[in-house]
Amino acid sequence: MSMTQAVETATTSSDHLALARHFEEAAQAAQTRLAEHQRLLAQYKAKSFLYGKNIYRLEEHCDVLIRNDEQSVDANRKLAELHRELAQTATMSP
């Protein structure tokens with residue numbers, strides 16, 4: 001089942017808890033990517049002399065990835081929280 005279908009058909013508490021778990025896992029994956037991109041940026045800055053003029057493009061690229069990862073972490077955590085709240089008010093699964 002696709003995520004779109006899972007969201008569209010979620011009616012029970014267990015459905016929403018499963019979606020919350022999915023979004024928490026997605027947030028954790030984005031957090032892992034974020035940490036890696038932050039390490040790469042630190043490496044580029046620490047050894048900028050190795051990259052010449054390209055350092056600015058490398059730093060800019062990492063900055064964009066870091067911002068995207070931060071937004072992904074935040075959005076997925078908010079979705080997970082929303083589905084946990086929905087699980088509390090949804091019917092129990094049979």
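Position 1 is the first residue of the sequence, and the numbers go up from there.
- In H61, the NE2 atom is not crowded: 12 or fewer heavy atoms of neighbouring residues, nucleotides or ligands sit closer than 6.0 Å.
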From CA spacing to verdict: side-chain contact (heavy atoms from CB on, under 4.5 Å), Q38, Q43: CA-CA 9 Å; Q38 288 170 329; Q43 178 66 22; over 6 Å; no
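- For the side chain to side chain contact (heavy atoms under 4.5 Å, CB included) with L41, the lone residue among I66, L65, L58 that qualifies is I66.
- In this view, H83 and H16, F23 satisfy the ring-ring contact (aromatic ring centres under 6.0 Å, His included) rule, not counting sequence neighbours.
- The CD atom of E59 sits 11.0 Å away from atom CG of N54, with the distance rounded to the nearest 0.5 Å.
- Proximity of a side-chain donor or acceptor of T9 to a complementary backbone N or O of Q5 within less than 3.5 Å is detected.
- Under the salt bridge (charged side-chain N to carboxylate O under 4.0 Å, His left out) criterion, E85 pairs with no residue, sequence neighbours left out.
- There is no side-chain donor-acceptor pair under 3.5 Å between S72 and N68.
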L34/H37 under side-chain contact (heavy atoms from CB on, under 4.5 Å): CA gap, chis, key distance, verdict: CA-CA 5 Å; L34 172 61; H37 292 138; 5.7 Å; no
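- Of all heavy-atom pairs between A90 and S13, the closest is CB-N, 3.5 Å.
- Using a 4.5 Å cut-off between side-chain heavy atoms of Ile, Leu, Val, Met, Phe, Trp and Tyr, with links allowed through other members, L79 and L19 fall into the same hydrophobic cluster.
- For A27 against V73, the heavy-atom pair with the smallest separation is O-CG2, 3.7 Å.
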Intermediate values then yes/no, salt bridge (charged side-chain N to carboxylate O under 4.0 Å, His left out), R57 and E60: CA-CA 5 Å; R57 289 181 22 216; E60 181 181 357; over 6 Å; no
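- Applying the side-chain contact (heavy atoms from CB on, under 4.5 Å) rule to Q28 yields the partners Q31, T32; only residues at least two apart in sequence or on another chain are considered.
- In the hydrophobic cluster analysis, where Ile, Leu, Val, Met, Phe, Trp and Tyr join through side-chain heavy atoms closer than 4.5 angstrom, V7 is grouped apart from L82.
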Audit row: E24, R21, salt bridge (charged side-chain N to carboxylate O under 4.0 Å, His left out) steps and yes/no: CA-CA 5 Å; E24 275 299 331; R21 280 190 300 276; over 6 Å; no
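- Considering every non-hydrogen atom in both T11 and D15, the closest pair reads N-OD2, 3.0 Å.
- Each salt bridge (charged side-chain N to carboxylate O under 4.0 Å, His left out) pair with one or both residues in residues 66-79, not counting sequence neighbours, appears once here: R33-D69, D74-K78.
- Applying the ring-ring contact (aromatic ring centres under 6.0 Å, His included) rule to Y56 yields no partners; only residues at least two apart in sequence or on another chain are considered.
- For T4, the side-chain contact (heavy atoms from CB on, under 4.5 Å) partners are S2, E8, not counting sequence neighbours.
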